[in-house]
There are 2 protein chains.
Amino acid sequence: MANIQEVARKAGVSSATVSRVLNNTAPVSLTTRLKVEKAIKELNYEPSMLGRNLRNSESRLLLVLIPTFSNPYYIEIINGIEDYSLSNNYNILLCETDSNPERENIFFNMVKNKLADGIISMDPTVNMKKLYELAERHSIVLLSEYDEGGSIPYVTIDHEQAAYKAVNHLIKLGHNKIGFINSDEKFLYARKRREGYERALKESNIPVDNEWIYHTEGVDFQDGAQAMRYFFKIKNTPTAVFAVSDTLAIGALKEINNKQLKVPEDIAVIGFDNISFSNMTNPTLSTVAQPMYEMGKKAASMLINRIKGNDVESVLMDYELIIRESTMR
Amino acid sequence: MANIQEVARKAGVSSATVSRVLNNTAPVSLTTRLKVEKAIKELNYEPSMLGRNLRNSESRLLLVLIPTFSNPYYIEIINGIEDYSLSNNYNILLCETDSNPERENIFFNMVKNKLADGIISMDPTVNMKKLYELAERHSIVLLSEYDEGGSIPYVTIDHEQAAYKAVNHLIKLGHNKIGFINSDEKFLYARKRREGYERALKESNIPVDNEWIYHTEGVDFQDGAQAMRYFFKIKNTPTAVFAVSDTLAIGALKEINNKQLKVPEDIAVIGFDNISFSNMTNPTLSTVAQPMYEMGKKAASMLINRIKGNDVESVLMDYELIIRESTMR
DNA sequence: TCATCTTATGAAATCCATTACATAAAATTA
DNA sequence: TAATTTTATGTAATGGATTTCATAAGATGA
């Protein structure tokens with residue numbers, strides 16, 4: 001592959017002029033411009049990004065940290081990030097951390113090493129201390145999982161209120177024995193959603209019973225199934241279940257089916273995230289929808305702005321309760 | 001961030017020596033090594049990948065082309081690719097083409113521009129002509145979708161035989177009205193699976209009826225549901241359905257449920273891919289499992305070998321029929 | 001017409017790490 | 001001990017594009 005010097009030689013100009021033609025950074029006479037363009041075409045020249053990136057000390061690569069590919073929750077968000085980034089000439093590198101600090105380090109180093117220009121972290125298990133260190137010299141945006149009062153900008157929804165609404169919906173259906181499948185409360189979203197759960201119960205004078213709060217290891221289908229098995233084991237099985245993720249809710253649904261019980265007649269179920277499967281289950285799953293695509297776009301635009309040196313503000317997005325068969329009377 | 005020159009100055013050596021310490025490419029005396037390491041630590045130096053990549057004219061980035069994130073089929077494969085790549089110091093860039101030639105071009109250009117070292121394409125909609133052009137000067141491996149007799153190495157399974165086995169399984173259950181939900185036959189895998197479908201029928205003296213072969217637009221749930229609605233519309237509705245992807249099969253399942261019919265009693269269903277959700281449906285879905293993780297690993301190892309300049313051979317992997325509730329008697 | 005401002009272009013420095021080549025010192029071998 | 005090899009290190013070129021600085025030619029205005 002030809003380089004800029006060869007193009008310059010062929011066109012009978014200097015490499016500076018070729019660069020000017022390429023980037024439109026200074027006036028170039030029409031005749032020279034044409035000569036250069038001809039040479040470019042003839043040599044089939046494509047500028048080397050390596051050279052350009054080194055000189056500009058940017059990589060135009062954004063890292064997107066997610067804990068695992070296997071949660072479909074992230075898909076739409078990623079689409080939003082990718083669409084926005086691509087149309088602004090940035091590429092995204094999807095980084096699955098597997099909640100593994102070593103992997104996380106690899107990705108952090110990419111930023112330090114100038115191999116990436118910034119990070120959107122959707123990983124609730126991320127090492128916040130290290131992230132803050134990195135944020136001193138690099139651009140970072142948090143998505144969904146965030147840090148209240150911290151200095152890193154974020155995009156999220158009001159988790160407390162969303163959970164409150166979901167649980168309230170179950171209460172209005174007449175339930176007062178409401179199980180809560182939560183993930184580990186080391187995650188902020190989990191703590192927030194628990195607060196919402198409790199507020200809804202208290203407002204309706206339903207006592208909060210810790211027996212009805214189950215904490216899962218992960219957010220896989222299996223974790224949801226296991227939670228449901230727990231609820232079946234205790235003397236006082238709930239008549240409705242709120243799960244903090246659709247994958248958990250679907251696992252619970254499956255376990256209820258296995259028991260030959262009916263949803264929503266015997267047990268109502270509501271999830272969170274509105275993953276595409278949630279509309280394919282039998283019965284279809286009620287859930288809380290976040291504007292994932294928009295959140296992704298917003299986060300990408302914030303990050304790119306940050307990289308350009310502008311200040312950006314955190315945002316709270318709207319969410320929506322989606323009622324389907326699993327919570328119909 | 002300090003650069004190699006500053007480290008050299010601080011340690012009182014030349015940058016060449018620092019590079020030698022860093023890469024162990026030539027003997028360095030213990031005393032100098034210690035001096036250099038001390039300077040590196042004090043300056044908090046991390047080598048710039050941009051400089052290194054330019055000099056070595058490599059990016060240690062691999063592109064993975066997929067048509068869309070929304071098919072969970074790809075997840076395990078990507079895990080395999082990523083694990084292998086990361087442990088060989090390569091990063092992967094997940095490229096969603098959306099079957100959009102413009103996007104595809106962006107990614108191809110990254111390779112031409114030395115921003116990426118090679119491509120694993122899982123995209124059946126990829127522009128094969130362009131891919132072959134690219135393959136003349138760059139490293140490429142095909143995964144799943146391949147080109148018979150072509151010069152680009154691939155990793156795949158025997159699609160014809162796998163489809164044959166799946167359909168044969170339905171026949172053995174006593175079905176002779178077997179619908180086939182295929183995707184567009186411009187894809188090789190679709191043509192191969194159709195061959196398998198027809199061979200199974202013919203061997204059992206069941207006539208092949210084109211009315212029972214439906215071609216979908218995509219492989220989303222909706223496409224599967226639509227195919228099933230078609231089967232309900234024709235006079236002679238099949239008693240069993242073979243879908244070329246689990247997402248299609250799940251859509252069909254949903255549609256059958258909507259009709260208040262029972263799977264497998266009224267209609268048996270078998271899919272393809274063994275996505276994680278296929279074990280969560282009601283009833284659980286029979287399917288054909290490909291060794292996705294292994295296929296990903298293999299493809300990554302082939303690509304990295306190619307990049308190193310070695311010759312690599314295409315491989316056929318094993319698959320497995322997974323019988324679940326949707327085809328039980 | 002002279003002074004001043006634009007326009008157009010090239011030379012050379014720069015970004016950062018790697019490596020071929022050169023050289024000096026130390027170690028080994030004959 | 002002389003000759004040869006190995007070790008240890010530095011100098012300078014290299015990869016490819018961008019940009020500052022310098023300069024010459026053309027345009028504008030007084």
Tell me which nucleotide among C/dG10, D/dA8, D/dT11 gets nearest to the side chain of B/S14.
-> D/dT11

Do any N or O atoms of the protein come closer than 3.5 Å to N or O atoms of nucleotides 23-27 of chain C, and which pairs are they?
none

Do A/S151 and A/Y132 have a side chain donor and acceptor closer than 3.5 Å?
-> no

Rounded distance in Å - CG (B/L115) to C1' (D/dA17) = 13 Å

So, is B/T32 near the phosphate of D/dT9, with a side-chain N or O under 4.0 Å from OP1 or OP2?
-> yes

Is atom NZ of B/K298 surrounded by more than 12 heavy atoms (other residues, nucleotides or ligands) closer than 6.0 Å?
-> no

Using a cut-off of 4.0 Å on non-hydrogen atoms, how would the nucleic acid contact of A/N56 be classed: base, sugar-phosphate, or nothing?
-> sugar-phosphate

Rounded to the nearest 0.5 Å, the CG atom of A/L188 sits from the OH atom of A/Y154 at a distance of 9.0 Å

Note: contacts of residues 17-27 of chain A with DNA chain D (heavy atom, under 4.0 Å) are A/S19, A/R20, A/N23

Nearest-Å distance, NZ (A/K114) to P (C/dC15)?
-> 11 Å

Would you mind reporting whether B/N44 and A/K112 have side-chain heavy atoms less than 4.5 Å apart?
-> no

Using a distance-only test with no angle check, is there a side-chain donor-acceptor pair under 3.5 angstrom linking B/S121 and B/D123?
-> no

Decide yes or no for B/L63 and B/I120: does some side-chain heavy atom of the first lie under 4.5 Å from some side-chain heavy atom of the second?
-> no

Basic-acidic side-chain contact under 4.0 Å: A/K10, A/E42 = yes

Measure the acute angle between the ring planes of A/H159 and A/Y189, then classify it against the limits of 30° and 60° as parallel, tilted or perpendicular.
-> tilted

Check each residue of residues 33-42 of chain A for a non-hydrogen atom within less than 4.0 Å of any atom in DNA chain D, then write out the ones that pass by number, or none.
-> none

Is it true that A/R103 and B/E82 make a salt bridge, defined as a side-chain N closer than 4.0 Å to a carboxylate O?
-> yes

Length of the line joining B/M49:CE and C/dT18:C1', which is rounded to integer Å | 13 Å

Would one find a side-chain N or O of B/S48 under 4.0 angstrom from OP1 or OP2 of C/dC16?
-> no

Would you check if there is a donor-acceptor pair between the side chains of B/E76 and B/N79 at a distance under 3.5 Å?
-> yes

Please name all residues satisfying salt bridge (charged side-chain N to carboxylate O under 4.0 Å, His left out) with A/K297, sequence neighbours left out, ordered by chain then number.
-> none

Return the value, rounded to whole Å, for the distance between atom CZ of A/R9 and atom P of D/dG16.
-> 12 Å

Atom CD1 of B/I4 and atom C1' of C/dT19 are separated, to the nearest Å, by 11 Å

Assess the side chains of B/S59 and B/D117: does a donor N or O sit below 3.5 Å from an acceptor N or O?
-> yes

Any N/O pairs under 3.5 Å between the protein and nucleotides 12-15 of chain D? List them or say none.
unit_1	atom_1	unit_2	atom_2	d
D/dT14	O2	B/R55	NH1	2.5

Classify the side-chain pair B/T31/B/S29 by whether it contains a donor and acceptor separated by less than 3.5 Å.
-> yes

What's the CD-P distance between A/Q5 and C/dA11, to the nearest Å?
-> 11 Å

With side chains defined as the heavy atoms from C-beta onward, is the minimum distance between B/V21 and B/V13 less than 4.5 Å?
-> no

Quickly work out the B/E58 CD to C/dT19 C1' distance and round it to whole Å.
-> 15 Å

Axis deviation across the helix from C/dT1-D/dA30 to C/dA30-D/dT1, five-pair ends, to the nearest 10° = 30°

With side chains defined as the heavy atoms from C-beta onward, is the minimum distance between B/Y74 and B/V64 less than 4.5 Å?
-> no

Modelled atom types, side-chain donor and acceptor of A/Y293 and A/D83, under 3.5 Å = yes

